[in-house]
Amino acid sequence: MLLETTDHEWAGEYLTNVYGGKFRVGVGQKGAPIRFNRLVTETFAFMTATHVADIGYILESVPELMIARPRTPVDVGYGGAEYRRGPGDVYPCNTTEDHPPIRARWYDGAVQAVTFPFGLLDQVAAPAETRRPGPVRFTDVCTTTRDAADQMIATFDYVATSLRDRPEAMNEPLVKGAAGRLLAAAALTAFPNTALVDPTIEDRHDAHPATLRRAIAFIDDHAHLDISVADIAAAAHVSIRALQYAFRKHRCTTPTGYLRQARLQHAHQDLLAADRTIRVTVTEIAARWGFFHPGRFAHHYRTGYGRPPYRTLQRDGR
């Protein structure tokens, strides 16, 4: 979607209607054009705003998590503190009802943002019940480390490029789910939050072989569905932390790593069984099983099966 306007009041109304909350847009140069590009899926969306003059806004309570990536300088005010952000930075606009509003001024240039439901955070991490009841939330707009910020930006580009280059892949349920949770996982690593990562004593007690067997059985039976770590943990009757610890302790992998291997095996079987009289591509089969980046799928496949996936599809015996 592409939109361009010089009506700044209408631009504020547009942003409010799209993202919820309250946007008040004021541009230093009256009549200056503002352009919005949006790439939208059912679970997340990317937006790029470009403008030739400064834009100021106050963002209050919003129904979804928004992470901004400025391409030019921006001043951000949050909780009485002021921050200068620019290229190479990211910051969350997680202004829920119990957080102060975010105030920012975007300077002449561009800013990108990704939005997705707060619930995605709970699908990849467990809230720290002892520190803060309720769902997982961010506690600061500053990234934990420089490397964490770089990883968030790399994930941002990885998903956005995949969506732009192959938008049809997002029609696959496994792709939409995997891409959204990948963004959520990167965000949880990038920003301080209320999730509890380390397993508790109870989690370690629950991370026994029976837990692993229940989890593996659930994954094997449901790999064709858009399941999350939270779903696997519920099926195994343990917390997310206990599930992750069980896989790390007994299999030297993660629940998502085992799920990826299970889906890779299904993709391998589909490549072997593909009807050569019907035109089907490696990329289509990969997307069917949740691999939305063809190059990444080829890497995993070669690692697991010792050959490129196209050779399996072509029945190349070499």
Side-chain angles (χ1 to χ4, degrees), residues 1-72 74-79 85 89-123 134-138 141 152 156 159-160 162-164 167-168 170-171 176-177 179-181 183-184 187 191:
M1 298 174 60
L2 173 64
L3 175 70
E4 185 171 348
T5 182
T6 58
D7 186 335
H8 303 152
E9 181 176 354
W10 187 87
E13 293 176 357
Y14 169 77
L15 290 172
T16 298
N17 290 333
V18 169
Y19 297 108
K22 295 180 181 179
F23 279 84
R24 294 198 290 270
V25 178
V27 181
Q29 179 180 338
K30 186 176 181 180
I34 306 173
R35 173 178 292 183
F36 300 107
N37 286 281
R38 294 186 70 225
L39 295 171
V40 183
T41 76
E42 293 179 7
T43 53
F44 60 91
F46 287 97
M47 183 271 287
T48 301
T50 56
H51 42 93
V52 297
D54 299 352
I55 298 179
Y57 72 87
I58 299 176
L59 181 57
E60 298 176 354
S61 178
V62 293
E64 293 192 321
L65 174 63
M66 177 188 294
I67 297 176
R69 177 192 182 184
R71 307 311 295 262
T72 49
V74 56
D75 288 331
V76 181
Y78 178 76
R85 295 291 180 262
D89 291 324
V90 285
Y91 66 91
C93 303
N94 63 319
T95 51
T96 53
E97 292 181 357
D98 54 350
H99 284 78
I102 294 253
R103 303 172 184 272
R105 188 172 185 86
W106 297 337
Y107 293 98
D108 185 358
V111 64
Q112 294 177 299
V114 61
T115 57
F116 53 84
F118 282 105
L120 281 181
L121 301 177
D122 301 320
Q123 292 184 23
V136 175
R137 289 291 184 267
F138 296 138
V141 297
M152 182 73 240
F156 195 115
V159 177
S162 300
L163 173 59
R164 184 186 65 238
E168 67 277 6
M170 293 299 160
N171 292 324
K176 287 185 291 188
R181 286 189 287 273
L183 289 166
F191 304 104

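As the structure is a prediction and not an experimental result, all values here were calculated from the model.
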Does the side chain of [Y] come within less than 4.5 Å of [X]'s, by heavy atoms?
{"X": "L3", "Y": "W10", "value": "yes"}
{"X": "V111", "Y": "V74", "value": "no"}
{"X": "L183", "Y": "L120", "value": "no"}
{"X": "F156", "Y": "R69", "value": "yes"}
{"X": "L65", "Y": "F138", "value": "yes"}
{"X": "P70", "Y": "Y91", "value": "yes"}
{"X": "E4", "Y": "I34", "value": "no"}

Between the side chain of D89 and the main-chain N/O of R85, is any donor-acceptor distance below 3.5 Å?
->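 Looks like no, no N/O pair under 3.5 Å.
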Measuring from [X]:[atom1] to [Y]:[atom2], what's the distance to the nearest 0.5 Å?
{"X": "Q112", "Y": "M47", "atom1": "CD", "atom2": "CE", "value": "9.5 Å"}
{"X": "E13", "Y": "D7", "atom1": "CD", "atom2": "CG", "value": "7.5 Å"}
{"X": "T48", "Y": "R35", "atom1": "OG1", "atom2": "CZ", "value": "11.0 Å"}

Check against side chain to side chain contact (heavy atoms under 4.5 Å, CB included), F36 and T50 | CA-CA 7 Å; F36 300 107; T50 56; over 6 Å; no
Which atom pair, heavy atoms only, marks the closest approach of F191 to P92?
->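 Here F191 and P92 meet closest at CE2-CD, 3.3 Å.
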Which atom names give the shortest non-hydrogen contact between A187 and I67, and what distance separates them?
->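 For A187 versus I67, the nearest heavy atoms are CB-CD1, 3.5 Å.
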Single hit among V40, T115, N37, L163 for side chain to side chain contact (heavy atoms under 4.5 Å, CB included) with F46 |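 Option passing the side chain to side chain contact (heavy atoms under 4.5 Å, CB included) with F46: L163.
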